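Bear in mind that the values here come from a model prediction, so they are computed numbers and not experimental data.
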Amino acid sequence: MAADVAREVGAEIVSADAFQIYRGLDLLTAKPEAPTLAKASHHLIGMVPLTEEMNAEKYRRAATVAIEEINSRGKLALVVGGSGLYIKALTHGLAPLPESDPKLREKLNAMSLDDLHSQLVELDPEATKKIDIKNRRRLVRALEICLITGKPASEVVAGVGDSGRPGTSIPATGVFVFRDREELYQRINQRVETMFARGVIEDVRAAAVTSATASQMIGLCEIRELLAGKKSLPQCIAEIQQATRRYAKRQLTWFRRQSNFYPLNLSFLTHNEAVKWISLRILSEARTRDD
């Protein structure tokens, strides 16, 4: 849909997907295929090695460069994706955060999830209300910020607000597309089954070492456990479907809270109607800015 919109308005696409930015695992991350890529130029897809760590600030810098280069040629940049924090980093800027400490990170990574959670409760109880206690990467990062700065991580990252830091944000409005829950979940379940039918197991088997960030891809851990004989194929598929549905629910919650995105329910529109509506909105906003 975004590619059709980009073709309609003469724009280029800048991906805002935390995992499509990685090179490899194309089926697992549902990267756009050749016919879609041919409709419009795409940026920030398949450009980072799987072994490299990514974060919102790295993405913000790369996306800003891509957008400025597109704009310098007199074209619109259309940012497309569902990684909310990456998009907000781009539109609102980020609070300055300390660099990772390799020795401290190694020590924290050796701790159990329960120990990490317990320590974070002690140092920053507010952060524990917002972090999934099963998300090791986020628990480790929150503790790392607490220990390096001597302040609660929730206080340090509170700078991610409506204005961001000067020079770091890009004023933007957008469209938040969604579907009715029943239709959305049906599409998710079908997508996972299609992914397996097309060979995602071999896709994962071919991927060697992955960074902590890349390892967060939905389905990667489950398929690796399948390959290790720790679970059956039906169990693996069901777990990925469930994890994807839960992620979609979190995305819905996130984007509904963003006041700069207009909600558009695709369950009530044909593909062509949605493309036309979004295209007209983009062109209207572009003319308003020019005026």
K.L.:
Walk me through it: do Glu106 and Lys103 pass the test salt bridge (charged side-chain N to carboxylate O under 4.0 Å, His left out)?
P.N.:
CA-CA 5 Å; Glu106 184 179 357; Lys103 291 185 178 179; over 6 Å; no
K.L.:
Do Ile67 and Val48 share a hydrophobic cluster, counting only Ile, Leu, Val, Met, Phe, Trp and Tyr and linking them when any side-chain heavy atoms are less than 4.5 Å apart?
P.N.:
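Ile67 clusters together with Val48.
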K.L.:
Do Ser15 and Ile21 have side chains that approach each other closer than 4.5 Å (heavy atoms only, starting at C-beta)?
P.N.:
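Of all side-chain heavy-atom pairs linking Ile21 with Ser15, none is under 4.5 Å.
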K.L.:
In sequence, state the C-alpha distance, the side-chain angles, and the governing distance for Val9 and Ile278, and then conclude on side chain to side chain contact (heavy atoms under 4.5 Å, CB included).
P.N.:
CA-CA 10 Å; Val9 303; Ile278 296 170; over 6 Å; no
K.L.:
With a 4.5 Å cut-off on side-chain heavy-atom distances among I, L, V, M, F, W and Y, is there a chain of contacts connecting Tyr262 to Leu76?
P.N.:
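In one cluster: yes.
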K.L.:
Quick one: does any side-chain atom of Gln258 pair with a main-chain N or O of Trp254 as donor and acceptor, under 3.5 Å?
P.N.:
yes
K.L.:
Shared ILVMFWY cluster between Leu28 and Leu37, side chains joined below 4.5 angstrom?
P.N.:
no
K.L.:
How close do Ser154 and Asp124 get, counting heavy atoms only, and between which atoms?
P.N.:
N-OD2, 2.7 Å
K.L.:
Are Gln241 and Arg191 side-chain neighbours, meaning at least one heavy-atom pair lies under 4.5 Å?
P.N.:
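Answer no - side chains too far apart.
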K.L.:
With a 4.5 Å cut-off on side-chain heavy-atom distances among I, L, V, M, F, W and Y, is there a chain of contacts connecting Leu269 to Met1?
P.N.:
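Yes, Leu269 connects to Met1 through the hydrophobic network.
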K.L.:
Where do Cys236 and Phe196 come nearest, in terms of heavy atoms and distance?
P.N.:
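Smallest heavy-atom distance, with atoms named: SG-CZ, 3.8 Å.
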K.L.:
Evaluate the criterion side chain to side chain contact (heavy atoms under 4.5 Å, CB included) for residue pair Tyr185 and Lys249; output intermediate values, then yes/no.
P.N.:
CA-CA 10 Å; Tyr185 285 5; Lys249 187 177 180 180; 4.3 Å; yes
K.L.:
Could you walk me through whether Val204 and Leu25 pass the side chain to side chain contact (heavy atoms under 4.5 Å, CB included) check?
P.N.:
CA-CA 6 Å; Val204 171; Leu25 294 172; 4.1 Å; yes
K.L.:
With no hydrogens and no angle check, do the side chains of Glu53 and Thr213 hold a donor and an acceptor under 3.5 Å apart?
P.N.:
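Present: a donor and an acceptor within the cut-off.
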K.L.:
So which residues get pulled into Leu116's cluster when ILVMFWY side chains under 4.5 Å apart are joined, directly or through others?
P.N.:
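So far as hydrophobic clustering goes, Leu116 is joined with Leu104, Leu108, Met111, Leu113, Leu120, Leu123, Ile131, Leu139, Val140, Leu143, Leu147, Ile148.
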K.L.:
Do Ser72 side-chain atoms and Glu69 backbone N/O form a donor-acceptor pair below 3.5 Å?
P.N.:
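Answer holds: yes.
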K.L.:
If you take all heavy atoms of Ala142 and Ala153, which pair is closest and at what distance?
P.N.:
O-CB, 3.5 Å
K.L.:
Rounded to the nearest 0.5 Å, how far apart are CD of Gln235 and NZ of Lys230?
P.N.:
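Going from CD on Gln235 over to NZ on Lys230, the span is 12.5 Å.
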K.L.:
Keeping Asp180 on the side-chain end and Glu182 on the backbone end, is there a donor-acceptor pair under 3.5 Å?
P.N.:
no
K.L.:
Nearest 0.5 Å please: distance from the SG atom of Cys221 over to the CD1 atom of Ile240.
P.N.:
9.5 Å
K.L.:
With side chain to side chain contact (heavy atoms under 4.5 Å, CB included) as the test, would you mind laying out the steps for Thr244 and Met195 before giving the verdict?
P.N.:
CA-CA 13 Å; Thr244 307; Met195 191 170 71; over 6 Å; no
K.L.:
So, for Ser100 and Glu144, which heavy atoms are closest and what is the spacing to 0.1 Å?
P.N.:
OG-OE2, 2.9 Å
K.L.:
Okay, side chain of Arg60, backbone of Leu90: is any donor-acceptor separation there less than 3.5 Å?
P.N.:
no
K.L.:
Are side-chain heavy atoms of Leu252 and Phe178 found at a separation under 4.5 Å?
P.N.:
yes
K.L.:
With a 3.5 Å cut-off and no angle check, do the side chains of Lys151 and Thr149 form a donor-acceptor pair?
P.N.:
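Side chains of Lys151 and Thr149: no pair found under 3.5 Å.
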K.L.:
Show the nearest heavy-atom pair for residues Arg137 and Ala212, with the distance to one decimal.
P.N.:
CD-O, 4.0 Å
K.L.:
If you measure from CZ on Arg181 to CD1 on Ile188, what distance do you get to the nearest 0.5 Å?
P.N.:
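It is 10.5 Å, given to the nearest 0.5 Å.
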K.L.:
Under a plain distance cut-off of 3.5 Å, with no hydrogens placed, do Ser215 and Arg136 share a side-chain donor-acceptor pair?
P.N.:
no
K.L.:
What salt bridge (charged side-chain N to carboxylate O under 4.0 Å, His left out) pairs are there with at least one residue in residues 7-18, not counting sequence neighbours?
P.N.:
Asp4-Arg7, Glu8-Lys276, Glu12-Arg73, Glu12-Lys75
K.L.:
Same cluster for Phe176 and Leu280 if Ile/Leu/Val/Met/Phe/Trp/Tyr side chains link at under 4.5 Å?
P.N.:
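Different hydrophobic clusters.
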K.L.:
Would you say that Asp203 contacts Ile223 through its side chain, given a criterion of any heavy-atom pair below 4.5 Å between the two side chains?
P.N.:
no
K.L.:
Roughly how far, to the nearest 0.5 Å, is the CD1 atom of Ile237 from the CD atom of Glu239?
P.N.:
11.0 Å
K.L.:
Could you check if a side-chain atom of Arg138 sits within less than 4.5 angstrom of a side-chain atom of Asp132, using non-hydrogen atoms only?
P.N.:
no
K.L.:
Taking side chain as C-beta onward, heavy atoms only, is Phe19 less than 4.5 Å from Met54?
P.N.:
no
K.L.:
Considering non-hydrogen atoms only, spot the tightest contact between Gln20 and Ala30 and give its length.
P.N.:
NE2-O, 2.9 Å
K.L.:
Output the distance between atom NZ (Lys231) and atom CD (Glu222), rounded to the nearest 0.5 Å.
P.N.:
5.5 Å
K.L.:
Is any side-chain heavy atom of Leu44 closer than 4.5 Å to one of Tyr59?
P.N.:
yes
K.L.:
Supply the atom-to-atom distance Leu226 CG to Ile201 CD1, rounded to the nearest 0.5 angstrom.
P.N.:
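Reported value, rounded in 0.5 Å steps: 5.0 Å.
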K.L.:
Between Leu264 and Arg281, is there a side-chain heavy-atom distance shorter than 4.5 Å?
P.N.:
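Not touching, per the 4.5 Å side-chain cut-off.
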K.L.:
So Phe255 and Phe261, would you call those rings parallel, tilted or perpendicular, with 30° and 60° as cut-offs?
P.N.:
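Perpendicular, since the angle between the ring planes exceeds 60°.
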